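Here is the structure we will look at, set down as structure tokens.
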Amino acid sequence: MPKRTVVGAGLSGMVAAIDLARQGDEVLVLEKEKAIGGSPAYHPSLHATPIDLQYTSDLIGIDVSSCFQLLSETQLWIRDKRLFPNLNHYGVERGDRETAIDTFLYKICLDHGVAFEFGHPVNRLKDIPPGSIVATGTMCTVEDFSVHKLIDGYGYAFVMDTKLGPANWQFADTYSPDYFYAVAMNGILYGLVFGRRTRIEEKALKTIDRQFRERAGIEIEGWKPFYCETMIGTRLFFGPGNRYIMTGSASGSYDPYCGYGIVGALTSGKVSALALRDRDGAQVLFDRMNRNHMYLYRVFEAITRLPPMVKLKMLTSMPAYYKYSKVLFGRMGRGIPGYPRDWMEEFTRD
Ligand SMILES: Cc1cc2nc3c(=O)[nH]c(=O)nc-3n(C[C@H](O)[C@H](O)[C@H](O)COP(=O)(O)OP(=O)(O)OC[C@H]3O[C@@H](n4cnc5c(N)ncnc54)[C@H](O)[C@@H]3O)c2cc1C
């Protein structure tokens, strides 16, 4: 029975572990935290993403649809203007609570006999056997895994109890080159404002507090500082002789439209398991999934360099060019596993 090591008990790592265990391999997952649910610095948290639940579940061989809820109440604001696109985002919970997708996948791992060692950080390649899958997420935590260019992201997040949901708010404003978002479901409300390469000033939180009070009728409590890294570039095989396999955010697998991470983590988890048996097939699938990566990165870079007011003016006038961007965005997502084929077409519908 082949022995396999997976580093990181997050989404991509557990999808890979389940797949390998189903093929009859003996799988050990090494996780740096003391328990399932990722870093307590980030979670519990609620994430929003477009996703084709049927396709994703079929592709990874795990029906994840019970973990996701359509965020039917949606508000998208560009400064003080509310736009009315059909966001069609789903919410999903991360962390160690019963309602989190981490807990859901962990139980399936245990049912398949996957072994876990918690409190076991892997700091160097030499500590794991060749053929290991590296699924360490957005932070580059292992010194010699740093095969990507990294961009720092800074911000603030909060999590509080609520009876609301499922609901989603997204605000673009001068306080961030990226955005603020909040999601309510499973009895909690989670919000995050962040900026790549830019520190969000503390005074911005007062503006968001006011906006959220006016738009959602809720007083935000408990902001905490937040730090993350984004990988630039994608990679499936790496290390001496390309003997290791990367997956999830560590591999640079992100959303083909917006740079989100959930669907890329789930689908690339499956691809990393495939890579141990069919290198070429896995590489073809991986390249297809990530074909927009560098293009999106350059577009984001260009937009980030625009003066904030010019960028926001462009975003506010989006409805005027919805129908023109439809074709371009439609092509961006088409055929990429896990994403709704028509998501951008829906989004850009008048
Ligand atoms: C606060 C926050 C908000 C986000 N919001 C969204 C959103 O709204 N929509 C969206 O689609 N995406 C969002 N993302 C991105 C998305 O969550 C990630 O892209 C996705 O979870 C990545 O999955 P993964 O499997 O690569 O890593 P993760 O699920 O993060 O798992 C990585 C695991 O590896 C462990 N680990 C790390 N280093 C080591 C080590 N050296 N040794 C052993 N174990 C290690 C970690 O503790 C963790 O358990 C967000 C990310 C964060 C942090």
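Note that the structure is predicted; figures quoted are calculated from it, not measured. In each ligand, atom 1 is the first atom listed, and ligand 1 is the first ligand listed.
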Open item on the list: Quick check on contacts: which atoms of ligand 1 are under 4.0 angstrom from a heavy atom of V7?
Closed with: 42 (N), 43 (C)
Open item on the list: For a side-chain hydrogen bond (donor to acceptor under 3.5 Å, both in side chains) check, start with the C-alpha distance between N168 and Q170, then their side-chain angles and the critical distance, and finish with the verdict.
Closed with: CA-CA 7 Å; N168 181 210; Q170 311 232 359; 3.2 Å; yes
Task: Residues Y106, F116; criterion ring-ring contact (aromatic ring centres under 6.0 Å, His included); working and verdict - done: CA-CA 10 Å; Y106 181 53; F116 286 78; 4.8 Å; yes
- [ ] Identify, by atom number and element, the atoms of ligand 1 in contact range of T49, meaning under 4.0 Å from any of its heavy atoms.
- [x] 11 (O)
Open item on the list: When you measure from the side chain of E31 to the backbone of A9, do you find a donor-acceptor pair of N or O atoms at a distance under 3.5 Å?
Closed with: yes
Open item on the list: Heavy atom to atom 43 (C) of ligand 1, shortest distance: which of K32, H43, K34 holds it?
Closed with: K32
Open item on the list: If I apply the N/O under 3.5 Å rule, does A250 come out as touching ligand 1?
Closed with: no
Open item on the list: If the cut-off is 4.0 Å to any non-hydrogen atom of I262, which atoms of ligand 1 fall inside it?
Closed with: 10 (C), 11 (O), 12 (N), 17 (O)
Task: atom 30 (O) of ligand 1 [closest protein heavy-atom partner, distance rounded to 0.1 Å] - done: G137 CA, 3.9 Å
- [ ] Give the residue, atom name and distance (to 0.1 Å) of the protein heavy atom nearest atom 12 (N) of ligand 1.
- [x] G261 N, 3.1 Å
Task: Candidate list T56, D19, T247, test side chain to side chain donor-acceptor pair (under 3.5 Å), partner K270, passing option - done: D19
Open item on the list: Looking at D127 and V122, would you say the former's side chain and the latter's main chain have a donor-acceptor pair under 3.5 Å?
Closed with: no
TODO: Taking all non-hydrogen atoms of both residues into account, name the closest pair between P337 and M289 and its distance.
DONE: CD-CG, 3.5 Å
Open item on the list: Once you measure the plane-to-plane angle for F238 and Y244, does it fall in the parallel (<30°), tilted (30-60°) or perpendicular (>60°) bin?
Closed with: tilted
Task: Close approach, C228 and ligand 1, non-hydrogen under 4.0 angstrom - done: no
Task: Distance-only N or O hit between ligand 1 and V122, under 3.5 Å - done: yes
Open item on the list: Please report whether ligand 1 has a polar contact with F226, defined as an N or O pair separated by less than 3.5 Å (distance criterion only).
Closed with: no
Task: Residue and atom name of the nearest protein heavy atom (relative to atom 13 (C) of ligand 1), distance in Å to one decimal - done: H47 ND1, 3.4 Å
Task: N or O contact, G248 vs ligand 1, cut-off under 3.5 Å - done: no
Task: Parallel, tilted or perpendicular: ring planes of F171 versus F180, cut at 30 and 60 degrees - done: tilted
TODO: Before signing off on this row, confirm whether S45 and ligand 1 have an N or O atom pair separated by under 3.5 Å.
DONE: no
- [ ] Give yes if a backbone or side-chain nitrogen or oxygen of E31 is under 3.5 Å from a nitrogen or oxygen of ligand 1, and no if not.
- [x] yes
Open item on the list: With no hydrogens and no angle check, just 3.5 Å: does a side-chain donor-acceptor pair link E93 and T99?
Closed with: yes
Task: Closest approach of any protein heavy atom to atom 34 (O) of ligand 1, naming residue and atom - done: G8 CA, 3.3 Å
Open item on the list: For atom 9 (N) of ligand 1, tell me which residue out of A48, A16, P121 has the closest non-hydrogen atom.
Closed with: A48
Open item on the list: With nothing but distance in play, are any N or O atoms of S249 less than 3.5 Å from an N or O of ligand 1?
Closed with: yes
Open item on the list: Does ligand 1 come near enough to T247 that some N or O of the ligand is less than 3.5 Å from an N or O of the residue?
Closed with: no
Task: In one Ile/Leu/Val/Met/Phe/Trp/Tyr side-chain cluster, 4.5 Å: Y181, Y156 - done: no
Open item on the list: Could you tell me, atom by atom, which parts of ligand 1 come under 4.0 Å of a heavy atom of L192?
Closed with: 3 (C)
TODO: Would you mind running through ligand 1 and noting each atom that sits below 4.0 Å from a heavy atom of L11?
DONE: 25 (O), 29 (O)
Open item on the list: Quick one, Y295 with Y297, criterion ring-ring contact (aromatic ring centres under 6.0 Å, His included). Give me CA distance, side-chain angles, the key distance, then yes/no.
Closed with: CA-CA 5 Å; Y295 167 72; Y297 166 64; over 10 Å; no
TODO: Please could you name the atoms of ligand 1 that Y190 approaches to less than 4.0 Å, counting only its heavy atoms?
DONE: 1 (C)
Task: atom 32 (C) of ligand 1: nearest protein contact (heavy atom, Å) - done: A135 O, 3.4 Å
Task: Short side-chain donor-acceptor distance under 3.5 Å, D80 and Q211 - done: no
Open item on the list: Considering non-hydrogen atoms of the protein only, which is the closest contact for atom 23 (O) of ligand 1, and what is the distance?
Closed with: A265 CB, 3.3 Å
- [ ] Run through W77, W223, W169 and flag the one making a ring-ring contact (aromatic ring centres under 6.0 Å, His included) with F212.
- [x] W169
- [ ] On the 0 to 90° scale, with breaks at 30° and 60°, tag the F194-Y179 ring pair as parallel, tilted or perpendicular.
- [x] perpendicular
- [ ] Number the atoms of ligand 1 from 1 as they appear, then name those within less than 4.0 Å of a heavy atom of G38, with their elements.
- [x] 49 (O)
Task: Nitrogen or oxygen atoms of T138 and ligand 1 under 3.5 Å apart - done: no
Open item on the list: Below 4.0 Å from ligand 1: does a non-hydrogen atom of R94 turn up there or not?
Closed with: yes
Task: Numbered atoms and elements of ligand 1 in range of S12, under 4.0 angstrom, heavy atoms - done: 24 (P), 25 (O), 26 (O)
Task: Identity and separation of the nearest protein heavy atom to atom 37 (C) of ligand 1 - done: T136 O, 3.3 Å
Task: Check: D52/Q54 side-chain N/O donor and acceptor closer than 3.5 Å - done: no
Task: Min N/O separation E33 to ligand 1 under 3.5 Å - done: no
TODO: Would you mind telling me which of T49, V92, L11 makes a side-chain contact (heavy atoms from CB on, under 4.5 Å) with L266?
DONE: L11
Open item on the list: Under a 3.5 Å threshold, yes or no: a donor from one side chain and an acceptor from the other, between H47 and R94?
Closed with: no
Open item on the list: Hydrogens and angles aside, do S176 and D178 bring a side-chain donor and acceptor to less than 3.5 Å of each other?
Closed with: no
Task: Nearest non-hydrogen protein atom, atom 38 (N) of ligand 1 - done: T141 OG1, 2.6 Å
Open item on the list: On a heavy-atom basis, I'd like to know which of Y181, Y90, Y42, Y227 is closest to atom 5 (N) of ligand 1.
Closed with: Y181
